Protein chains: 2
Amino acid sequence: MDYNQPTKNFQKEVAEQCIRYLSIDGVIFGFHQNQLNVLLLRWKGTNEWCLPGGFIRKTESVDEAAERVMQERTGLNELFLQQFHVFGAVVRYDQDAVWRKINLNVDADSWSERTISIGYYALVEHSKVVPTPDFLTEECRWWPLDEVPGLLFDHNHIIEVATRALRRQLNDQPISHLLPESFTIPELQRLHETILGHPLDARNFYKKMMASGTLERLTERRAGTPHKAPYLYRFTRSESQA
Amino acid sequence: MDYNQPTKNFQKEVAEQCIRYLSIDGVIFGFHQNQLNVLLLRWKGTNEWCLPGGFIRKTESVDEAAERVMQERTGLNELFLQQFHVFGAVVRYDQDAVWRKINLNVDADSWSERTISIGYYALVEHSKVVPTPDFLTEECRWWPLDEVPGLLFDHNHIIEVATRALRRQLNDQPISHLLPESFTIPELQRLHETILGHPLDARNFYKKMMASGTLERLTERRAGTPHKAPYLYRFTRSESQA
DNA sequence: GCAAAAGTGTTCGTAATACACCCATGT
DNA sequence: ACATGGGTGTATTACGAACACTTTTGC
């Protein structure tokens with residue numbers, strides 16, 4: 001990559017407006033074709049992928065920074081965000097190796113500093129996302145979680161920690177943010193199965209979801225399926241927030 | 001307080017060696033006389049209390065910084081530490097009010113900057129702690145959790161979030177770090193009751209603890225009690241780490 | 001001997017698990 | 001008609017909750 005004038009300006013801007021040594025890394029989860037996906041970015045002029053991320057402006061909260069970064073990559077106004085871990089080791093990955101991969105000349109830059117990263121995960125509706133690269137990347141797209149390649153930095157590790165946090169959350173509350181407004185029970189079951197990594201019994205799952213009291217059946221059914229048309233459901237917002 | 005030359009030197013040292021805008025706040029839990037306690041510091045020349053905290057040196061990991069700070073306040077070499085939340089709002093508390101309380105002249109200092117704080121809680125053995133004030137404080141002592149006064153900064157809020165995190169942890173695993181090496185079942189029960197905030201049934205508790213397989217009964221009993229001498233138990237390290 | 005805490009088993013209700021059949025629809 | 005997935009009930013088991021009496025010991 002040619003680290004030209006615009007890049008240098010970007011760096012300068014970050015250095016002036018943002019908090020040094022600190023960054024946000026985001027694991028954006030989507031669910032599509034019965035697979036958990038994460039949104040990754042391809043570094044300009046390379047075939048190397050990484051997580052979306054960014055810096056925290058001195059005038060915005062950490063949550064706002066995370067929201068801004070995620071909004072920019074997804075085109076979404078609202079998204080479910082969860083802080084899950086701070087990655088604070090002095091040496092988080094082999095810096096030389098990474099700089100080589102992205103053709104960065106270390107000596108010429110201040111990038112060789114350590115960075116403490118606050119990890120957020122986002123749960124978004126896959127179909128609503130408009131993947132948008134940022135200043136340093138030229139491609140942004142979904143990757144199935146189990147096909148994610150070796151990433152830059154320690155981003156494979158961050159994805160792992162995020163996935164564990166997501167599983168833990170699933171035990172506490174049904175996850176509504178990865179599905180569209182209305183969905184079928186089997187679709188919800190596939191989602192849970194995918195996150196947990198093992199199959200579930202349809203009858204027990206149905207009972208459990210009904211017993212949770214957070215779902216309501218709509219009058220419509222999912223049309224266009226090859227077989228019996230399943231009912232559509234949606235989460236009852238009022239109850240879960242009361 | 002007289003913010004004199006040593007204080008200014010301290011500030012200079014922090015500014016040079018540590019990461020700006022970022023700090024550690026620690027909620028150190030102890031258990032004594034059937035009460036959960038937290039370790040608080042009294043600001044020099046005032047009657048205002050706050051949590052132990054500190055800054056992250058550029059050469060140490062965030063975990064190491066937290067460990068260092070907690071070790072300094074407790075005199076302990078080993079302690080159980082858990083990162084639980086990042087407090088990242090731009091305005092976390094009424095700065096003017098706090099500066100007034102600690103007699104700090106804002107204009108003269110760089111302290112008016114925002115600070116992002118990484119919250120850690122520590123579980124320690126109450127009796128082993130040697131409470132030790134730091135550079136800015138002149139007293140360090142235990143406070144029962146339910147008698148904690150209004151604290152400086154947003155530290156009451158941080159304690160609340162830490163307590164919730166501690167409760168969540170208790171559901172997953174028995175908490176061994178707040179008790180001495182050997183203890184009685186009723187003592188362990190009081191601890192659980194205190195953390196959860198409600199009484200537990202002694203018979204069910206006993207059964208559950210025995211079923212967990214992480215406890216072993218010692219041959220000795222607790223002597224010097226006014227009534228029937230209870231057996232001593234200890235956690236079996238080997239199993240819990242296998 | 002009596003007050004106070006320790007130690008223990010049984011019953012019950014609820015929640016999770018396992019399992020099988022009928023229904024609706026597109027081909 | 002048939003293949004495919006949707007929708008539901010019942011029986012079993014495991015787990016947590018409720019509950020009472022005997023034992024020990026210091027006073």
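Computed from a prediction, not measured in an experiment: that's the story for all the values here. By convention in this document, chain letters (A, B, ...) are assigned in the order of the sequence lines, proteins followed by strands, and residues within each chain are numbered from 1.
Listed by chain and number, the residues in a salt bridge (charged side-chain N to carboxylate O under 4.0 Å, His left out) with A/Arg141 are A/Glu139 (sequence neighbours excluded). In this structure B/Glu125 satisfies the salt bridge (charged side-chain N to carboxylate O under 4.0 Å, His left out) test together with B/Lys128, sequence neighbours excluded. With sequence neighbours left out, the side-chain contact (heavy atoms from CB on, under 4.5 Å) criterion links A/Glu60 to A/Ile56, A/Arg57, A/Glu64, A/Ala65, A/Arg68. For A/Arg164, the salt bridge (charged side-chain N to carboxylate O under 4.0 Å, His left out) criterion is met by A/Glu160, not counting sequence neighbours. Residues satisfying the side-chain contact (heavy atoms from CB on, under 4.5 Å) criterion with A/Phe84, sequence neighbours excluded, are A/Val27, A/Phe87, A/Tyr121, A/Ile158, A/Val161, A/Ala162, A/Ala165. With sequence neighbours excluded, the residues forming a salt bridge (charged side-chain N to carboxylate O under 4.0 Å, His left out) with B/Asp201 are B/Arg203, listed by chain and number. Checked against side chain to side chain donor-acceptor pair (under 3.5 Å), A/Arg114 has no partners two or more places apart in sequence or in another chain.
To the nearest angstrom, C1' of C/dA5 lies 12 Å from CD of B/Glu187. Distance B/Met209 CE to C/dG7 C1': 16 Å, rounded to the nearest Å. Here C/dT8 presents its C1' atom at 18 Å from NZ of B/Lys208, a figure rounded to the nearest Å.
With hydrogens and angles ignored, the 3.5 Å screen pairs a side-chain donor or acceptor of B/Thr236 with a backbone N or O of B/Thr214.
Each of B/Tyr231 and A/Lys207 was assigned the nucleotide of DNA chain C with the nearest heavy atom; the assignment lying further toward the 5' end belongs to B/Tyr231.
Regarding contacts with the backbone of C/dT8, a side-chain N or O of B/Arg217 is found under 4.0 angstrom from either OP1 or OP2.
Residues of residues 197-206 of chain A that place a heavy atom closer than 4.0 Å to DNA chain D, in numerical order, are A/Arg203, A/Tyr206.
Here chain B contacts DNA chain D (any atom closer than 4.0 Å to a heavy atom, that is under 4.0 Å), and the contacts span D/dA17 to D/dG26 from 5' to 3'.
Note on residues 26-37 of chain A: no pairs pass salt bridge (charged side-chain N to carboxylate O under 4.0 Å, His left out), not counting sequence neighbours. Within the structure, ring pair (Phe, Tyr, Trp, His ring centres under 6.0 Å) pairs that include any residue of residues 196-217 of chain A comprise A/His192-A/Phe205 (at least two apart or interchain).
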Each nucleotide N or O in nucleotides 25-27 of chain C that has a protein N or O under 3.5 Å away: list the pair and distance.
from, atom 1, to, atom 2, distance (Å)
C/dG26, O4', A/Pro226, O, 2.4

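In summary, of the residues considered (A/Trp142, A/Phe29, A/Phe31), a ring-ring contact (aromatic ring centres under 6.0 Å, His included) with A/His126 occurs for A/Trp142 alone.
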